[in-house]
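Take a look at the structure below.
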Amino acid sequence: YLRFSPQFERFYLIIHLAQINRCFPKAATALEPNTRLVKINTEEEQGLAVHYNIRSIPTLVLFKNGHEIARQAGAMSEQDLVRWAQTNAK
């Protein structure tokens, strides 16, 4: 379903929603190079939504070495998103 790049120890998945779009570019910059942000439109990628058990939008899922390590449903500000990712990636 998703290919995890070996160059990234952590991989962060964002399920697409308009509210996320506003904070996405700054949060992506703040988290690089160790964490990669990815947006998925679950209406277009319904198989991914089913595979990763996405039931509410937005859903944020943090992966480390290809395994889910944290999940959060609901919108966040840019600062909260970065803090959540950094806290859970330790």
Side-chain angles (χ1 to χ4, degrees):
Y1 281 95
L2 289 177
R3 292 187 184 154
F4 295 92
S5 173
Q7 79 184 84
F8 288 96
E9 183 177 287
R10 291 177 285 277
F11 188 95
Y12 183 77
L13 167 67
I14 295 184
I15 304 306
H16 179 76
L17 182 70
Q19 293 174 340
I20 293 295
N21 287 336
R22 290 192 295 270
C23 71
F24 185 85
K26 289 182 181 179
T29 300
L31 290 169
E32 288 286 346
N34 293 325
T35 302
R36 170 75 40 102
L37 293 179
V38 177
K39 293 188 293 185
I40 306 294
N41 185 329
T42 56
E43 291 179 7
E44 294 175 3
E45 301 291 342
Q46 293 179 3
L48 284 175
V50 170
H51 181 78
Y52 291 106
N53 198 27
I54 305 301
R55 296 185 180 189
S56 62
I57 298 175
T59 296
L60 312 171
V61 184
L62 182 63
F63 293 90
K64 184 172 184 178
N65 299 321
H67 302 286
E68 182 178 325
I69 60 170
R71 178 180 290 248
Q72 174 70 41
M76 292 185 196
S77 69
E78 170 199 336
Q79 296 85 2
D80 288 340
L81 192 154
V82 170
R83 186 174 21 258
W84 177 83
Q86 290 173 336
T87 299
N88 286 289
K90 291 181 181 181

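Keep in mind the model is a prediction, meaning the values are calculated, not measured.
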Could you go through I54 and V61, starting from their C-alpha distance and side-chain angles, then the distance that decides it, and tell me whether this counts as side chain to side chain contact (heavy atoms under 4.5 Å, CB included)? CA-CA 9 Å; I54 305 301; V61 184; 4.2 Å; yes

Please lay out, stage by stage, how L81 and L31 fare under the test side chain to side chain contact (heavy atoms under 4.5 Å, CB included). CA-CA 10 Å; L81 192 154; L31 290 169; 4.3 Å; yes

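Nearest heavy-atom pair across P58 and A75 is CG-N, 3.6 Å. Scanning both residues, I69 and A89, for their nearest heavy atoms gives CD1-CA, 4.2 Å. Across R83 and D80, no two heavy atoms sit closer than the pair NH2-OD1, 2.7 Å. Across V82 and A30, no two heavy atoms sit closer than the pair CG2-CB, 3.9 Å. Residue R71 comes nearest to Y52 through the heavy atom pair NH2-O, 2.7 Å, listed as atom of the first residue, atom of the second, then distance. Scanning both residues, N41 and E43, for their nearest heavy atoms gives OD1-N, 2.9 Å.
The line from CG of N88 to NZ of K64 is 11.0 Å long, rounded to the nearest 0.5 Å. A distance of 13.5 Å separates NZ of K39 from CD of E45, quoted to the nearest 0.5 Å.
Considering only heavy atoms from C-beta on, Q86 stays 4.5 Å or farther from N34 through its side chain. Using a 4.5 Å heavy-atom cutoff, the side chains of N53 and T59 are not in contact.
By the criterion of side-chain heavy atoms lying less than 4.5 angstrom apart, applied directly or through intervening Ile, Leu, Val, Met, Phe, Trp or Tyr residues, F63 is not grouped with V50; the two fall into different hydrophobic clusters.
For Q46, there are no side chain to side chain contact (heavy atoms under 4.5 Å, CB included) partners, not counting sequence neighbours. T29 is linked by a side chain to side chain contact (heavy atoms under 4.5 Å, CB included) to nothing, counting only residues two or more places apart in sequence or in another chain.
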